[in-house]
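Data first, discussion second: the structure below is written as structure tokens.
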Amino acid sequence: MKIRKGTIEDMTAVLSLIKELAVFENESNAVEVTVEDLIKDGFSATPLFHTFVAEVNTEVIGVALYYYRYSTWKGKTIHLEDLVVKESKRGTGAGFALYAEIIKQGKRDGVKRVEWNVLDWNTNAIKFYEKSGAKILKDWQVVQMDEKGIATFVEKLENY
């Protein structure tokens with residue numbers, strides 16, 4: 001197995017892994033991003049994300065997709081958006097290798113924190129993260145506003 005930076009050529013496999021994750025998270029119809037989006041957003045002059053891929057015999061079997069954030073308290077951080085390994089390749093060490101590479105990237109970059117979200121029902125992942133030394137923040141809630149919510153909010157602002 002080889003862990004390496006993702007390339008434009010990997011984005012079809014990356015999208016396939018993203019869709020597999022959506023199925024795992026019971027959100028199979030939620031993926032809107034396309035291969036073209038991934039290429040545009042990840043490989044422009046100012047990329048919005050970076051990837052590491054796990055590869056076995058030229059087959060991409062896993063991906064870790066991350067980007068940089070800024071904490072007003074800490075400074076530069078890494079946000080791990082997704083870490084996915086093909087279901088048929090889980091248990092091969094690919095997930096751990098990708099996870100380790102993200103943490104090592106944080107060390108190389110001198111970030112103050114690497115952060116990510118985990119679903120509360122994904123007990124295997126939670127146990128793994130805690131065993132690795134990560135802290136699960138129980139008192140923080142994820143807040144999101146979807147595209148429809150954004151449009152509704154802006155429309156209300158325009159009517160003030």
Side-chain angles (χ1 to χ4, degrees), residues 1-7 10-35 37-38 41-42 47-57 59-150:
M1 180 181 4
K2 178 179 173 183
I3 304 297
R4 62 171 175 76
K5 290 258 185 195
T7 66
D10 297 321
M11 292 304 106
T12 298
V14 167
L15 181 57
S16 178
L17 288 161
I18 290 168
K19 289 178 177 179
E20 188 170 328
L21 176 64
V23 170
F24 174 76
E25 293 183 355
N26 301 313
E27 293 281 348
S28 59
N29 296 321
V31 178
E32 296 178 14
V33 72
T34 66
V35 171
D37 293 330
L38 293 170
D41 296 338
L48 298 177
F49 69 85
H50 307 277
T51 58
F52 288 111
V53 296
E55 182 180 63
V56 174
N57 299 324
E59 178 190 9
V60 173
I61 65 162
V63 64
L65 188 146
Y66 68 100
Y67 55 89
Y68 294 94
R69 292 172 58 173
Y70 196 83
S71 164
T72 55
W73 290 7
K74 302 293 182 185
K76 186 177 179 180
T77 68
I78 285 178
H79 181 82
L80 172 58
E81 180 65 19
D82 283 320
L83 193 156
V84 192
V85 175
K86 282 186 179 184
E87 186 175 14
S88 64
K89 303 297 182 182
R90 292 184 190 146
T92 63
F96 179 81
L98 288 164
Y99 178 77
E101 196 61 37
I102 289 292
I103 304 303
K104 290 190 296 186
Q105 185 67 43
K107 175 90 168 133
R108 286 189 293 267
D109 290 341
V111 301
K112 301 293 185 177
R113 168 172 78 211
V114 178
E115 55 200 348
W116 60 94
N117 298 322
V118 62
L119 290 166
D120 61 359
W121 54 260
N122 194 346
T123 55
N124 288 338
I126 291 168
K127 288 176 189 173
F128 170 77
Y129 296 143
E130 288 177 332
K131 187 177 178 183
S132 77
K135 297 175 191 164
I136 309 293
L137 303 178
K138 309 264 190 232
D139 51 345
W140 284 82
Q141 304 253 338
V142 175
V143 179
Q144 297 180 337
M145 186 178 289
D146 65 13
E147 190 174 18
K148 183 179 176 189
I150 293 167

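Note that the coordinates shown come from a computational prediction; the quantities given were computed from them, not determined experimentally.
In summary, of the residues considered (L17, L65, V60), a side-chain contact (heavy atoms from CB on, under 4.5 Å) with V53 occurs for V60 alone.
Under the rule for a salt bridge (Lys or Arg N to Asp or Glu O under 4.0 Å), K89 has no partner lying at least two apart in sequence or in another chain. Every residue was checked against the salt bridge (Lys or Arg N to Asp or Glu O under 4.0 Å) condition with E25, not counting sequence neighbours, and none meets it. Residues satisfying the side chain to side chain contact (heavy atoms under 4.5 Å, CB included) test with F24, not counting sequence neighbours, are L21, R90, W121, N122. Residues that satisfy the side chain to side chain contact (heavy atoms under 4.5 Å, CB included) test with T7, not counting sequence neighbours, are R4, E9, D10. Partners of T34 under the side chain to side chain donor-acceptor pair (under 3.5 Å) rule, at least two apart in sequence or in another chain, are E36, D37. With sequence neighbours left out, Y129 forms a side chain to side chain donor-acceptor pair (under 3.5 Å) with no residue at all. By the ring-ring contact (aromatic ring centres under 6.0 Å, His included) test, F52 pairs with Y66, sequence neighbours left out. For Y67, the ring-ring contact (aromatic ring centres under 6.0 Å, His included) partners are H79, not counting sequence neighbours. For V23, the side chain to side chain contact (heavy atoms under 4.5 Å, CB included) criterion is met by S28, not counting sequence neighbours. Evaluation of the side chain to side chain contact (heavy atoms under 4.5 Å, CB included) rule for K138 yields E130, I136 as partners, not counting sequence neighbours. Taking the salt bridge (Lys or Arg N to Asp or Glu O under 4.0 Å) definition, one finds that E115 meets it with R69, R113, sequence neighbours left out. Under the rule for a salt bridge (Lys or Arg N to Asp or Glu O under 4.0 Å), the partners of K104 that lie at least two apart in sequence or sit in another chain are E101.
Heavy atoms only, all atoms of each residue included: A94 and A54 are closest at CB-CB, 4.1 Å. Here the shortest heavy-atom pairing between H50 and P47 reads CE1-CG, 3.8 Å. Contact detail for G62 and L98: the closest heavy-atom pair is C-CD1, 3.6 Å.
Proximity of E87 to E20: side-chain heavy atoms (C-beta onward) are separated by under 4.5 Å at one or more points. Looking at K86 and E59, their side chains come closer than 4.5 Å, going by heavy atoms from C-beta outward. Side-chain contact check for I103 versus K107: every heavy-atom pair is 4.5 Å or farther apart. Looking only at side-chain heavy atoms (C-beta outward), V63 and D82 stay at 4.5 Å or farther from each other.
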Please report the C-alpha distance between I18 and L38 in whole Å, then the side-chain angles of each, then the deciding distance to 0.1 Å, and finally whether the side chain to side chain contact (heavy atoms under 4.5 Å, CB included) criterion is met.
CA-CA 11 Å; I18 290 168; L38 293 170; 4.3 Å; yes

Worked verdict on T77 versus Y68 for side-chain hydrogen bond (donor to acceptor under 3.5 Å, both in side chains):
CA-CA 6 Å; T77 68; Y68 294 94; over 6 Å; no

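Atom CG in N117 sits 10.0 Å away from atom CG in L137 (nearest 0.5 Å). Here the straight-line distance linking atom CG of D109 with atom CD1 of I78 works out to 5.0 Å at 0.5 Å rounding. Note that CG of L83 and OH of Y99 are 9.5 Å apart. Values are rounded to the nearest 0.5 Å. In this structure, I61 CD1 and S88 OG are separated by 8.0 Å, a value rounded to the nearest 0.5 Å.
A cation-pi geometry, defined here as NZ or CZ lying under 6.0 Å from the six-membered ring centre and within 45° of its normal, does not hold between K76 and Y70.
Heavy atoms of other residues, nucleotides or ligands lying less than 6.0 angstrom from NZ of K5 number more than 12. At most 12 heavy atoms of other shown residues, nucleotides or ligands fall within 6.0 angstrom of atom CG in N57.
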